[in-house]
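Start at 1 with the first residue, then count along the sequence.
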Amino acid sequence: MSAEMRSLAVTAIAQGEECAVLRVTGELDLRTEQAFLAEARSVVSAGHRFLVLDLTALRFCDSRGLSCLLALEWLCRRLEGRLFLASLGVRMLRLLVGTQSLGVFSCYPTVGHALAAVPDGSRPAWPPSMDEPAPPADGDPEPDGTGHRAP
C-alpha cells in the first residue's frame, strides 16, 4: 500500500447498475489527490455515472481535495450523471462555504437522502445487506464456544 493510500481510503459500500456509494476516509489533499482520482475514475469507468461520496470519515480536505471533487463533479455531469456529497462534516462545509462552491455540489445530510435523489433505476439497495455468516467449517468451534458438535 502506498503512503498516499495510508492516509486516504476509498471504499465501495454499495453499487447499483449506474450508481456507486463510496466511503472516503482520511485526508484528501496534495499527497492523496492522484490516488483518489484514480480510484474514482475507475468506478466511473465501470459504468457508475452517479456517485455518492460518504464523507463521514473524511478528516481533512484542502483546496487540492476540493479541486478533485470539482473534477469528479464535471466528469459525472459529462456522462449525464451526478456527484452527490453525503454526511459532510463541519470542516468540509466551511471549506465549501468559504470557497463559494457549496452551490456547485449536491449535498445531503445522509447517504440515504443522497440516494433518494438518484433516479430509481440506477439506485443501489440501501442500506447494504449484510452477508449471512458462513457456517462453521469442520473443526471450528461452534457458536457457543465449546468446540463440540452436537451428536
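Contact check for Leu30 versus Glu33: side-chain heavy atoms found under the 4.5 Å cut-off. Taking 4.5 Å as the limit, every side-chain heavy atom of Leu22 sits out of range of all side-chain heavy atoms of Ile13. At least one side-chain heavy atom of Leu58 sits less than 4.5 Å from a side-chain heavy atom of Met92. Side-chain contact between Thr25 and Thr56: absent, with no pair of heavy atoms (C-beta onward) separated by less than 4.5 Å. In this structure, the side chains of Asp62 and Leu66 stay at 4.5 Å or more apart for every pair of heavy atoms. The closest side-chain heavy-atom distance from Thr110 to Asp54 is not below 4.5 Å. Inter-residue side-chain proximity for Leu69 and Phe36 is flagged as met; some heavy-atom pair is nearer than 4.5 Å.
Side-chain heavy atoms closer than 4.5 Å link hydrophobic residues (I, L, V, M, F, W, Y) into clusters, and following such links, possibly through other members, connects Val104 to Val44. Hydrophobic clustering places Leu75 together with Phe105 (ILVMFWY residues linked when any side-chain heavy atoms are closer than 4.5 Å, directly or through intermediates). Tracing side-chain contacts under 4.5 Å through hydrophobic residues (I, L, V, M, F, W, Y), one reaches Leu93 starting from Leu53; they form part of the same cluster. No continuous path of hydrophobic side-chain contacts links Val10 to Phe60 [ILVMFWY only; heavy atoms under 4.5 Å]. Put simply, Trp74 and Val52 are part of two different groups of oily side chains (I, L, V, M, F, W, Y) that touch within less than 4.5 Å, one to the next.
In terms of the side-chain hydrogen bond (donor to acceptor under 3.5 Å, both in side chains) criterion, residue partners of Ser101 (sequence neighbours excluded) are, by chain and number, Thr99. Considering only residues two or more places apart in sequence or on other chains, Ser122 meets the side-chain hydrogen bond (donor to acceptor under 3.5 Å, both in side chains) condition with Glu18.
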Query raised in the report: Given Leu115 and Cys19, is the side chain to side chain contact (heavy atoms under 4.5 Å, CB included) satisfied, shown in steps?
Result: CA-CA 9 Å; Leu115 284 171; Cys19 179; 3.9 Å; yes
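Ionic pairing of Asp29 and Arg31 is present here: one or more N-O contacts between side-chain nitrogen and carboxylate oxygen are shorter than 4.0 angstrom.
Note that CG of Leu8 and OG1 of Thr32 are 4.5 Å apart. Values are rounded to the nearest 0.5 Å. Here the CZ-CD distance, from Arg41 to Gln34, works out to 7.0 Å after rounding to the nearest 0.5 Å. To the nearest 0.5 Å, atoms OG1 (Thr11) and CD (Glu39) are separated by 8.0 Å. Atoms OH and OG, from Tyr108 and Ser87 in turn, are 13.0 Å apart once rounded to the nearest 0.5 Å. Between the OG atom in Ser7 and the CG atom in Leu28 there is a gap of 9.5 Å [rounded to 0.5 Å].
Here the side chain of His48 pairs a donor or acceptor atom with the backbone of Val43 at under 3.5 angstrom. Looking only at distances, a side-chain donor or acceptor of Arg123 sits under 3.5 Å from a matching main-chain atom of Val118.
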Table please: side-chain donor-acceptor pairs of residues 77-86 below 3.5 Å, with sequence neighbours left out.
unit_1	atom_1	unit_2	atom_2	d
Arg77	NE	Glu73	OE2	2.3
Arg77	NH2	Glu73	OE2	3.2
Arg82	NH2	Ser106	OG	2.1

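Other residues, nucleotides and ligands place no more than 12 heavy atoms under 6.0 Å from the CZ atom of Arg23.
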